[in-house]
Enquirer: 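Please find one structure pasted underneath; my questions will follow.
Heavy-atom basis, side chains included; hydrogens, waters and symmetry copies ignored. Just so we're on the same page: letters track the sequence lines, and every chain starts at 1.
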Amino acid sequence: MPPKPNPFDDVYDVVKLIPPGRVTSYGAIARYLGSKGGARLVGWAMNAAHAMDDVPAHRVVNRNGVLTGKHHFGGNRMQEALEAEGVAVENDQVVDFKNRFWDPAVELV
DNA sequence: ACGGTGACGTCTG
DNA sequence: ACAGACGCCACCG
C-alpha cells in the first residue's frame with residue numbers, strides 16, 4: 001500500500017529524525033506539532049508506527065522516561081533496541097533520561 | 001450513530 | 001508534596 005497521507009505523518013517524520021542514542025517523549029512531539037494532536041494521539045501514532053520499520057518507536061518514551069509501551073513491542077524488545085543504540089535502560093526506565101532527552105522543538109528547531 | 005478506551009500530559013484541589 | 005480530574009484525537013465495539 002502506497003504511503004497514504006496519515007494524520008500522524010508529521011509524528012513519523014519527527015520520530016524518524018530522532019538521533020541514535022537519544023529518546024523523546026510523547027508530549028514533546030505533540031508540543032512540537034503545536035499540541036494540535038495531544039499526547040494520546042502521539043501514542044496512537046506510535047501504535048501504527050510500530051508496524052512501520054522506518055519509525056523507531058522504541059526511542060519514544062513517556063515523560064517519565066519509562067518504557068510505557070514496551071508491552072506492545074512484545075516484551076523486552078524495546079529495551080534491547082535502546083541498549084543496542086547505547087541508551088542505558090534499567091527497570092524499564094531510561095537512565096539519565098534528562099540527559100538523553102531529545103526535544104524536537106529545541107534540537108530540530 | 002454513540003460511547004468507551006488509550007504507548008500521555010498538564011492543571012487544580 | 002500528593003492525588004484526582006480533565007483535555008486532546010483516533011480507533012474499536
Side-chain angles (χ1 to χ4, degrees):
Chain A
M1 47 334 249
K4 68 180 176 186
N6 291 356
F8 4 80
D9 187 39
D10 292 330
V11 179
Y12 298 142
D13 189 27
V14 176
V15 176
K16 285 196 258 186
L17 290 171
I18 298 175
R22 244 2 137 28
V23 284
T24 190
S25 61
Y26 303 90
I29 297 172
R31 192 158 70 97
Y32 172 71
L33 296 177
S35 303
K36 59 171 153 188
R40 300 193 122 168
L41 275 305
V42 180
W44 186 241
M46 297 280 98
N47 198 99
H50 126 47
M52 293 180 158
D53 294 343
D54 296 332
V55 185
H58 59 267
R59 289 184 188 156
V60 184
V61 293
N62 67 348
R63 221 271 263 182
N64 241 340
V66 181
L67 285 54
T68 48
K70 79 170 208 155
H71 297 284
H72 289 267
F73 268 78
N76 56 347
R77 193 160 22 157
M78 188 172 183
Q79 181 175 338
E80 289 287 308
L82 287 170
E83 289 188 333
E85 294 185 352
V87 180
V89 179
E90 190 167 302
N91 195 5
D92 298 340
Q93 191 171 333
V94 178
V95 179
D96 200 359
F97 173 68
K98 187 183 173 225
N99 195 21
R100 297 285 185 179
F101 184 70
W102 179 81
D103 189 343
V106 177
E107 306 283 348
L108 187 60
V109 185

Enquirer: Can you give the donor-acceptor pairs under 3.5 Å from side chains of residues 38-52 of chain A to other protein atoms, not counting sequence neighbours?
Expert:
none

Enquirer: F101(A) CZ to dC8(B) P: how many Å, rounded?
Expert: 15 Å

Enquirer: For N62(A), which contact category applies under a 4.0 Å heavy-atom criterion: base, sugar-phosphate, or nothing?
Expert: sugar-phosphate

Enquirer: Should L82(A) and V95(A) be counted in the same cluster of Ile, Leu, Val, Met, Phe, Trp and Tyr side chains packed under 4.5 Å apart?
Expert: no

Enquirer: In whole Å, I'd like the distance from the CG atom of D9(A) to the P atom of dC9(C).
Expert: 18 Å

Enquirer: Between residues 68-75 of chain A and DNA chain B, which residues have a heavy-atom gap below 4.0 Å?
Expert: T68(A), G69(A), H72(A), F73(A)

Enquirer: Determine the sole option in D9(A), V14(A), V15(A) for which the side chain to side chain contact (heavy atoms under 4.5 Å, CB included) test with V11(A) is passed.
Expert: V15(A)

Enquirer: Please report the distance, rounded to the nearest Å, between CG in N47(A) and P in dC9(C).
Expert: 19 Å

Enquirer: Enumerate the protein-to-nucleotides 1-7 of chain C contacts in which both atoms are nitrogen or oxygen and the separation is below 3.5 Å.
Expert:
residue: dG7(C); atom: O6; partner: R40(A); partner atom: NH1; Å: 3.4

Enquirer: Closest heavy-atom contact between S25(A) and F101(A)?
Expert: OG-CE1, 3.4 Å

Enquirer: Atom CZ of R63(A) and atom P of dC11(B): how far apart are they, to the nearest Å?
Expert: 11 Å

Enquirer: Which pair of heavy atoms, one from V61(A) and one from V66(A), lies closest together, and at what distance?
Expert: CB-O, 3.6 Å

Enquirer: More than 12 heavy atoms of other residues, nucleotides or ligands under 6.0 Å from CZ of R22(A): yes or no?
Expert: yes

Enquirer: Taking all non-hydrogen atoms of both residues, which atom of T24(A) and which atom of W102(A) are closest, and how far apart?
Expert: OG1-O, 2.9 Å

Enquirer: From CZ of R31(A) over to C1' of dT10(B), roughly how many Å is that when rounded to an integer?
Expert: 12 Å

Enquirer: Tell me: CZ of F97(A) to P of dG9(B), nearest whole Å?
Expert: 8 Å

Enquirer: Walk me through it: do R59(A) and E85(A) pass the test salt bridge (Lys or Arg N to Asp or Glu O under 4.0 Å)?
Expert: CA-CA 10 Å; R59(A) 289 184 188 156; E85(A) 294 185 352; 2.6 Å; yes

Enquirer: Rounded to the Å, how far apart are L67(A) CG and dC8(B) P?
Expert: 12 Å

Enquirer: Distance between the C1' atoms of dA7(B) and dA3(C), in whole angstroms?
Expert: 23 Å

Enquirer: Between P on dG9(B) and CG on N64(A), what's the gap in Å once rounded to a whole number?
Expert: 8 Å

Enquirer: Would you say N62(A)'s side chain and N64(A)'s backbone share a donor-acceptor pair under 3.5 angstrom?
Expert: yes

